[in-house]
Participant: 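I'd like to ask some things about the structure below.
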Amino acid sequence: MQAASASALSALADPPARMVDGAAMDYLLIEAVNALRVSSAVASARAKKIEHDMVEAGLVPPPPPPPPAKQQNPRDSASSTSGKIPGPADEDEGVRSRLEAIGMHVGGNFAERLCRDRPLFSDSLDVIKFVCKDLWVSCWDKQVDNLRTNHRGVYVLQDNAFKPISRISSWEGRQEALKRAKLYVALPAGIIRGALSRIGFQGTVVPEITTLPQCTFQIKLPKNT
Amino acid sequence: MATTSKQYKAIGEDLWKSRTDKINSELFALTYGALVVQLIQDYEDYAEVNKQLEKMGFNIGTRLIEDFLARSSLGRCSDFREVGEVVAKVGFKSFLNITPTVTHSSAPPPSSRSTGAAQQSGVPGSSFILTLDENPLAEFVELPDEALEGGLWFSNVLCGVLRGALEMVQMQVQVEFLSDVLRGDESTEIRVTLLKYLEEEVPVGDD
């Protein structure tokens with residue numbers, strides 16, 4: 001009986017990764033942000049309507065009266081928790097949280113796939129190194145450029161040419177491009193956070209961009225790890 | 001010079017191989033899946049989600065076609081049949097690395113209507129059906145009963161992409177899913193029907 005060649009068998013057991021064109025993913029993400037902006041507006045409008053209906057029916061007390069119409073006062077705009085005026089900041093917040101949620105789903109599941117043949121992680125630094133090398137390479141084709149830590153649960157990962165934002169430009173100028181990049185980077189932040197969470201480390205990930213295309217992620221892991 | 005089916009396949013392969021920027025299809029599938037879930041949560045209406053996916057696809061398609069034409073430098077298709085071949089063998093291959101099979105069908109018996117730009121076998125009404133034996137968007141996906149009853153077409157974005165891309169090359173088409181393995185059908189089929197050819201219009205204000 002002829003044994004199948006070793007390479008054929010290993011290809012069956014561990015099939016080479018299927019690939020899709022990178023451009024397709026880029027276009028999907030661009031349009032996803034637009035679609036999410038619309039859908040989050042729809043969702044929050046519906047929530048407001050329900051709240052309004054409940055107030056009308058007397059089921060909940062009415063919200064405190066909105067702040068005065070002249071919103072020019074910078075003090076007010078920073079803390080308008082009761083203001084029902086949907087500003088652009090609210091919209092963006094909806095999109096950002098949705099992007100992060102999508103990222104978490106992707107990161108968690110993808111990390112599971114990546115960790116399949118790995119031995120257990122020894123400590124949190126090991127996990128962070130996994131993120132910096134394996135996760136970064138699988139998602140964005142390179143490793144993190146710089147890793148800093150204060151050895152007390154805070155890690156700062158720096159990528160000097162972060163792929164998702166490397167091609168962002170805006171005809172309205174640098175500042176506008178920076179603003180958009182800050183929104184788009186919510187998805188990768190979610191991916192990192194989701195991966196960490198699936199591995200067992202519930203932390204926070206805060207992305208920061210000062211100049212395109214450089215991006216840093218500040219990861220805070222809980223103290224008892 | 002008619003390009004044969006085999007030649008298109010080769011062109012598709014070449015385009016795919018020459019792409020330097022490839023990503024893992026699982027990432028793609030996971031991202032798309034999470035996006036659909038989010039849209040379902042936001043709209044709470046499967047018909048609306050279908051519509052939004054199609055709209056999203058339309059916008060993607062209008063950009064995708066530019067990319068495609070730039071890379072492939074294929075000329076204008078001589079008839080709708082050729083459009084089907086190019087879409088299946090070159091288009092899908094170069095972006096999603098899959099080659100759906102294409103089944104052509106010509107127009108139903110001609111009605112008295114005729115458009116200004118009727119071409120040989122590009123008579124409005126002709127259509128082709130793409131049968132996808134693998135769908136990179138639907139990896140890891142299982143639809144819950146609600147979605148099945150609600151009539152969700154999970155990969156509806158593909159319909160929008162086709163419609164958007166073809167509209168940019170002056171064809172108005174209707175694209176719809178006929179069946180989907182996610183819904184329990186035997187195969188995943190998309191039908192593209194030519195509605196009419198669009199006249200080249202100079203945008204208002206241009207000289």
Side-chain angles (χ1 to χ4, degrees), chain A residues 15-47 50 94-95 97-114 135 137-141 163-164 166-167 187-188 190-191 194-195, chain B residues 15-16 18-45 48-49 51-68 70-71 91-98 134 136-137 139-140 157-158 160-161 164:
Chain A
R18 289 219 94 241
M19 307 294 260
V20 208
D21 190 29
M25 177 73 150
D26 290 339
Y27 297 131
L28 176 69
L29 287 177
I30 295 170
E31 287 308 320
V33 172
N34 294 335
L36 287 173
R37 195 168 275 133
V38 175
S39 78
S40 93
V42 165
S44 56
R46 192 175 54 234
I50 292 178
V95 181
S97 61
R98 282 164 171 76
L99 283 175
E100 198 180 4
I102 291 180
M104 287 193 63
H105 173 93
V106 174
N109 289 314
F110 202 58
E112 269 188 23
R113 309 278 290 166
L114 287 176
L135 187 69
V137 165
S138 313
C139 296
W140 304 304
D141 291 332
K163 194 157 168 248
S166 58
R167 296 211 202 106
L187 188 94
I191 292 181
Chain B
L15 277 182
W16 173 247
S18 69
R19 282 308 281 168
T20 48
D21 191 18
K22 294 185 189 142
I23 56 154
N24 196 319
S25 77
E26 291 178 3
L27 267 186
F28 192 61
L30 288 170
T31 309
Y32 182 71
L35 178 67
V36 173
V37 167
Q38 182 64 63
L39 289 179
I40 293 174
Q41 285 173 355
D42 284 341
Y43 286 105
E44 290 181 2
D45 172 4
E48 187 63 33
V49 172
K51 217 171 84 175
Q52 293 298 323
L53 286 175
E54 211 270 350
K55 196 163 128 189
M56 202 170 92
F58 184 83
N59 293 333
I60 296 177
T62 55
R63 295 174 192 253
L64 212 79
I65 185 73
E66 305 272 348
D67 196 324
F68 178 72
R71 287 190 224 173
F92 271 89
K93 178 69 182 175
S94 61
F95 287 109
L96 295 178
N97 197 20
I98 56 171
E134 48 184 344
L137 293 174
E139 239 176 297
F140 318 130
V157 74
L158 294 176
V161 170

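Values below: all heavy atoms of this structure, side chains included; hydrogens, waters and symmetry mates excluded. Note on naming: letters A, B, ... go to the chains in the order of the sequence lines (proteins, then strands), and numbering restarts at 1 for each one.
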Participant: Quick one: closest heavy-atom pair of His105(A) and Leu30(B), and the distance?
Facilitator: CD2-O, 3.7 Å

Participant: Report yes if the side chains of Met56(B) and Asn34(A) come closer than 4.5 Å at any heavy-atom pair, otherwise no.
Facilitator: no

Participant: Identify which one of Leu39(B), Ile40(B), Leu35(B) satisfies the side chain to side chain contact (heavy atoms under 4.5 Å, CB included) criterion when paired with Ser39(A).
Facilitator: Leu39(B)

Participant: Does some side-chain heavy atom of Thr31(B) sit less than 4.5 Å from a side-chain heavy atom of Phe110(A)?
Facilitator: no

Participant: Above 12 or not: heavy atoms from other molecules or residues under 6.0 Å from CZ of Arg113(A)?
Facilitator: no

Participant: Grab the two heavy atoms, one from Leu27(B) and one from Met25(A), that are nearest each other, plus how far apart they are.
Facilitator: O-CE, 4.2 Å

Participant: Test your reading of the model: is there a side-chain donor-acceptor pair from Arg18(A) to the backbone of Asn97(B), 3.5 Å cut-off?
Facilitator: yes

Participant: Side chain, backbone, both or neither: which part of Thr20(B) has a heavy atom under 4.5 Å from chain A?
Facilitator: neither

Participant: Using 0.5 Å steps for rounding, measure from the CG atom of Leu28(A) to the OH atom of Tyr32(B).
Facilitator: 8.0 Å

Participant: Would you say that Tyr27(A) contacts Asp67(B) through its side chain, given a criterion of any heavy-atom pair below 4.5 Å between the two side chains?
Facilitator: yes

Participant: Based on non-hydrogen pairs under 4.5 Å, which of Glu48(B), Gln52(B), Glu26(B) is most in contact with chain A?
Facilitator: Glu26(B)

Participant: What part of Glu139(B) lies closer than 4.5 angstrom to a heavy atom of chain A: side chain, backbone, both or neither?
Facilitator: neither

Participant: Check whether any side-chain heavy atom of Asn24(B) lies under 4.5 Å from a side-chain heavy atom of Ser138(A), and answer yes or no.
Facilitator: no

Participant: Ile98(B) versus chain A, heavy atoms under 4.5 Å apart: side chain, backbone, both or neither?
Facilitator: side chain

Participant: Chain A heavy atoms under 4.5 Å from Arg19(B): which part of the residue, side chain, backbone, both or neither?
Facilitator: side chain

Participant: Is any side-chain heavy atom of Asp21(A) closer than 4.5 Å to one of Trp16(B)?
Facilitator: yes

Participant: Under 4.5 Å heavy-atom distance to chain B, tell me which part of Ile30(A) shows up: side chain, backbone, both or neither.
Facilitator: side chain

Participant: Heavy atoms only, distances under 4.5 angstrom: which of Asp26(A), Val20(A), Val42(A) has the most pairs with chain B? Name it, please.
Facilitator: Val20(A)

Participant: How long is the gap from CD1 on Ile60(B) to CD on Glu31(A), to the nearest 0.5 Å?
Facilitator: 5.5 Å

Participant: Kindly check if the number of other-residue, nucleotide or ligand heavy atoms within 6.0 Å of NZ (Lys55(B)) is above 12?
Facilitator: no

